[in-house]
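Reviewing the structure listed below.
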Amino acid sequence: MKKLLLLGYCFLMMQNGYAADAGGLKKDAAPPPPHKIEDGYRGTEDEHVMTVKFAKTMHDGATILLRGNLIEHVGDDRYVFRDKSDRIEVIIPASVFDGREVQPDQLLSINGSLDKKMNPPIVRVDHLIK
């Protein structure tokens with residue numbers, strides 16, 4: 001009987017130990033202050049995000065990830081996208097918007113491919129994060 005109680009006690013202690021190590025919100029560190037946030041994404045540095053100026057130098061068909069604003073609707077699926085370095089024309093099909101509305105003052109991330117066959121080069125957007 002003592003062995004059974006000891007085994008039960010050990011089992012309960014193991015369960016409590018595992019539960020304490022589980023994921024979730026850990027309040028050990030404070031978030032960065034608002035004045036330290038430059039582009040709306042808190043606490044992350046994404047080295048894969050590039051500037052428009054750099055994207056224009058890449059090869060045809062290159063995968064592009066940009067963060068900035070849609071500032072103008074040129075016509076049909078064509079828009080003007082701007083970040084802090086430059087602006088570029090982008091093609092965003094209605095299916096990519098998926099019914100979401102975007103304002104010029106909202107920071108967006110767009111993912112697509114560079115089409116340098118067009119003059120000037122454009123980005124064909126596959127994914128938009130608002």
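Worth knowing before you read on, the calculation uses all heavy atoms, side chains too, and leaves out hydrogens, waters and symmetry mates.
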What one should report as the nearest heavy-atom pair of Ser113 and Gly61 is CB-O, 4.2 Å
Out of curiosity, does Ile88 fall in the hydrophobic cluster containing Ile71 (side-chain heavy atoms, cut-off under 4.5 Å, transitive links)? no
Any heavy-atom pair between the side chains of Ile129 and Leu108 that's under 4.5 Å? no
query: Lys130 side chain to Leu107 main-chain N or O, any donor-acceptor pair under 3.5 Å?
result: no
Might you confirm whether atom CG of Asp76 has over 12 heavy atoms from other residues, nucleotides or ligands at distances under 6.0 Å?
-> no
All N/O donor-acceptor pairs, side-chain side in residues 118-128, below 3.5 Å, sequence neighbours left out:
{"unit_1": "Arg124", "atom_1": "NE", "unit_2": "Asp115", "atom_2": "OD2", "d": "3.1"}
{"unit_1": "Arg124", "atom_1": "NH2", "unit_2": "Asp115", "atom_2": "OD2", "d": "2.9"}

query = Are Ile91 and Val80 co-members of a hydrophobic cluster defined by side-chain heavy atoms under 4.5 Å apart?
reply = no
Fill in: pair Leu65-Met50: side-chain heavy atoms closer than 4.5 Å
no
Exercise. Would you mind reporting whether Ile92 and Leu70 have side-chain heavy atoms less than 4.5 Å apart?
Key: yes
*Backbone N/O of Gly75 and side chain of Arg78: donor-acceptor pair under 3.5 Å*: no
- prompt: Hey, are the side chains of Phe81 and Leu66 touching, using non-hydrogen atoms and a 4.5 Å cut-off?
  reply: yes
### Task
Give a yes or no answer on whether the side chain of Ser85 reaches the backbone of Thr51 with a donor-acceptor pair at less than 3.5 Å.
no
When every non-hydrogen atom of Met58 is compared with those of Ile64, the smallest separation belongs to SD-CD1, 3.9 Å
- Task: Look at Lys56 together with Asp86 and state whether they make a salt bridge at an N to O cut-off of under 4.0 Å.
- Result: yes
Taking every heavy atom of Lys117 against every heavy atom of Asp60, the minimum-distance pair comes out as CE-OD2, 3.2 Å
Pro104 backbone acceptor or donor facing Asn69 side chain under 3.5 Å = yes
